[in-house]
Amino acid sequence: MFLKELTELSGVSGCEYEVRNYIKSKLTDMGCEFYVDKLGNIIAHNKGRKNKTIMLAAHMDEVGLIVTNIDSDGFIKFEAVGGIDQRVLNSKPVLVGEKKIPGVIGSKAIHLMSSDEKEKALPIDKMYIDIGTSSKSETEKLVNIGDYVSFKSSYAEFGDNLIKAKALDDRTGCSIILELLSQKLDADFYGVFTVMEEVGLRGAETAAYQLEPDLGLVLEGTVCADMPEVEEHDKSTLIGKGAALSLMDNTTVYDIDLVRSIAKIAEDNNIMYQYRKSAAGGNDAGVIHKTKNGAKAAAISVPCRYIHSPVSVASKKDIESVLLLTKLVILENQKGEKHV
Amino acid sequence: MLKEFLFEVCSNHFVSGFEHINGDIIKRYFQPYTDSFEKDKLGSYIFKSSGSSDRKIMLAAHIDEIGLMITKILEGGFLSFISVGGINPASLVAQEVTIYGKDTIFGVIGIKPPHITSEEERKKPHKMKELFIDTGYSKEELEKLVTIGDIATVNREPLSLQGSVISAKAFDDRACVTVMLETAKELKKISHKSNVYFTATAQEETGIRGAKTSSYKIAPDIGIVLDVGFGKTPDMPSDSPELGKGPIVAYGGRLNSKLTKKFVDVCKKYNYPLQYEAVPAITGTDTEALQISRDGIPCILLSIPLRYMHTSVETIDLYDVEITGKAIARFINELDNSDLEEILCF
């Protein structure tokens, strides 16, 4: 499994190089043909029997922060990169820039907060990162405006087959594609590791243009909200209940025949699956299905609790389900005589 | 050695009322520098460094920390909890925790994703009752591992920041237990007359209780109370005490002004940097109990500047800890050569 190593790398949208370098070295090790395009996507090719062009996509980037300013006492101001609820930032360790300077996002002592302050979540523009320096010049020696900041959170396994890590959205997808490429299936597909999904599906747009797929399969870590405080109709997916098939979200109305055919493959092979029962969010399918004349796209996802926070949670069983189901979908679609 | 002790003691829990569980760590570090050990009945740790006179000086720094207590086991393996001591629920969001049940159990406190959270909701901080610990077990399995009343703490690996600045949970008040360790180390080098009691008090965070019983037990002539104070951050007044500029000396009715002056004079004489604060009434420290123990104990209060108090990323400068420990040893040495009654006489 590649997931532990993948989640412990930094790869905030626009700064995916650590993840890219890791994946490139794994592809080289397994003797897989690949290239990196102008935006930084990795496009890997598994050659085999082929009826159609299949593009698997998983994004390398994760949500995080970017340094916007350094104040006179050396504290670092920042903005969010991607969708972050500001409330997950309170009292967190972070790593700043390429040198991974350790820092903390603090919070005013509860003793000093007015009752008014206790009623309001602290907005991001009132937060700062403390790296233990005491002047602007001291911080400037270590940190630049524009440096990316990632959460400091290590991979851990707990409970009944669950894992906790940062960036499960979408290193789960990256790890599944790597796994599929390593299996050397006799079925043709492209494994694409995209950049900048979290800031507007940028990488997938140019990757899909280059590959012109007949079928796009997006492998995602997706919204799972099955906690006690969430109302029933907001529980889009359930953890441990299998691969989540998207029907519709903010970026795509998925081809219903394709979705049903994937569901049938799951049923025929006893693979746990569920429909993603929410239209919130979006993913790389949003640009893949609109490329050139259009393509069929589906999203097969791993439910992730606390997504876009340092403590995302996913089930190893769900990851297995997505891996197996995706493999069978590829094999089913490349059945036939042609060998390229 | 100070950092090693502080990191180790902060990687283990001493939640108020549960201070007995990891006491061996404190003993292992303090016993080489002290002569005897005892506990009060509330669980305060008292290490005595014997002197040649009858005089008794009590140092007090609380060992306990804020934490969580489990109140309910829910469907899906979630736990409800309340706080032990004052915790801002906002500081618990998206944290990892350890539950000390039949086993140590890993959990996370997550919130629902931004994708299904309205702008309006995001502006509202969570209340404690709206947060849950996710253990990843089924309710049935969890009931075998966790009992209502078990405690939990946020997981935080101590971090070294730039220079001697460090960050972790529970520096309030283990930074000051570490100050006592430094003082004990310094006093070991010299023959001192006073009997010095290094007291790691229990249950400060829930109501300054161990300080009451331990000071009764010791019945000291004077008290040196050590706690953490608010270090300057961008959201505080520009003249607030800063990290790395020495301990904060408190002035006010809870403190003996002449003893405080003596401490300040000693620090000036030996070039220890100090910062100052005026505290008209409640100090929120063990001083509250010490000052009125038995027939009264003249006290001084020193605070180590700390940022982000009562969060899991409390931040201090280890330099402040070290020089405060040394300054107190020097102060005790000077008191040994002074007429204490004259100093304390009104």
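Remember, predicted model here, so these are calculated numbers, not experimental data. Chain letters run A, B, ... following the sequence lines, proteins first and then strands; every chain starts at 1.
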task = Could you label the plane-to-plane angle of the A/Tyr128 and B/Tyr308 rings as parallel, tilted or perpendicular, counting under 30° as parallel and over 60° as perpendicular?
result = tilted
query = Side chain, backbone, both or neither: which part of A/Ile101 has an atom under 4.5 Å from a heavy atom of chain B?
reply = side chain
note = Ranking B/His126, B/His115, B/Arg122, B/Met309 by heavy-atom pairs under 4.5 Å to chain A gives rank one to B/Arg122
request  = Could you tell me which portion of B/Asp134 (side chain, backbone, both or neither) has an atom closer than 4.5 angstrom to a non-hydrogen atom of chain A?
outcome  = both
query = What part of B/Thr233 lies closer than 4.5 angstrom to a heavy atom of chain A: side chain, backbone, both or neither?
reply = both
query = Above 12 or not: heavy atoms from other molecules or residues under 6.0 Å from NZ of A/Lys136?
reply = yes
ask   = How about residues 91-99 of chain B versus chain A: which residues have heavy atoms under 4.5 Å apart?
value = B/Ser91, B/Val93, B/Ala94, B/Gln95, B/Glu96
key: Pairing of B/Glu141 and B/Lys144 as salt bridge, 4.0 angstrom limit   = no
key: Contacting region of A/Glu119 [heavy-atom separation from chain B under 4.5 Å]   = backbone
Proximal to chain A - members of residues 156-176 of chain B, heavy-atom separation under 4.5 Å = B/Arg156, B/Glu157, B/Leu159, B/Ser160, B/Leu161, B/Gln162, B/Val165, B/Ser167
inquiry  = Between A/Ser134 and A/Glu138, do the side chains contain a donor N or O and an acceptor N or O under 3.5 Å apart?
reply    = yes
query = Heavy-atom count around A/Lys120 NZ within 6.0 Å, excluding the residue itself: above 12?
reply = no
query = Should A/Phe78 and A/Ile124 count as side-chain neighbours, where that means a heavy-atom distance under 4.5 Å?
reply = yes
key: Segment of B/Leu145 engaging chain A (4.5 angstrom heavy-atom cut-off)   = neither
request  = Report yes or no: do B/His310 and B/Asn88 form a side-chain donor-acceptor pair below 3.5 Å?
outcome  = no
request  = Quick one: do A/Ser13 and A/Glu62 satisfy side chain to side chain donor-acceptor pair (under 3.5 Å)? Show the steps, please.
outcome  = CA-CA 6 Å; A/Ser13 309; A/Glu62 66 187 288; over 6 Å; no
request  = Go through the atoms of A/Asn161 and report whether side chain, backbone, both or neither lie under 4.5 Å from a heavy atom of chain B.
outcome  = neither
remark   = Heavy-atom closest pair (A/Ser278 atom, B/Ile116 atom, distance to 0.1 Å) is OG-CG2, 4.5 Å
request  = Pick one of side chain, backbone, both or neither for A/Val230, based on which atoms fall under 4.5 Å of a heavy atom in chain B.
outcome  = side chain
task = Flag the pair A/Glu157 and A/Lys164 as a salt bridge only when some basic side-chain nitrogen lies within less than 4.0 angstrom of an acidic carboxylate oxygen.
result = no
ask   = Counting only heavy atoms not in A/Lys77, do more than 12 fall under 6.0 Å of its NZ?
value = yes
message = For the NZ atom on A/Lys235, are there more than 12 heavy atoms of other groups (residues, nucleotides or ligands in this structure) within a distance under 6.0 Å?
response = yes
ask   = In terms of side-chain heavy atoms, does A/Thr222 have a donor or acceptor partner in A/Arg276 at a distance below 3.5 Å?
value = yes
message = If I measure from the heavy atoms of chain A, does B/Phe106 come under 4.5 Å with its side chain, its backbone, both, or neither?
response = both
ask   = Can we say A/Asp73 and B/Lys232 salt-bridge, meaning some charged N sits less than 4.0 Å from an Asp/Glu carboxylate O?
value = yes
message = I need the residue from A/Asp226, A/Leu89, A/Asn250, A/Leu142 with the largest number of non-hydrogen atom pairs under 4.5 Å to chain B.
response = A/Leu142
ask   = Is there a donor-acceptor contact under 3.5 Å linking the side chains of A/Ser107 and A/Ser91?
value = no
task = For chain A, find which of B/Gly244, B/Gly107, B/Ala90, B/Ser312 contributes the most heavy-atom pairs closer than 4.5 angstrom.
result = B/Ala90
key: A/Lys152, part contacting chain B, at a heavy-atom distance under 4.5 Å   = side chain
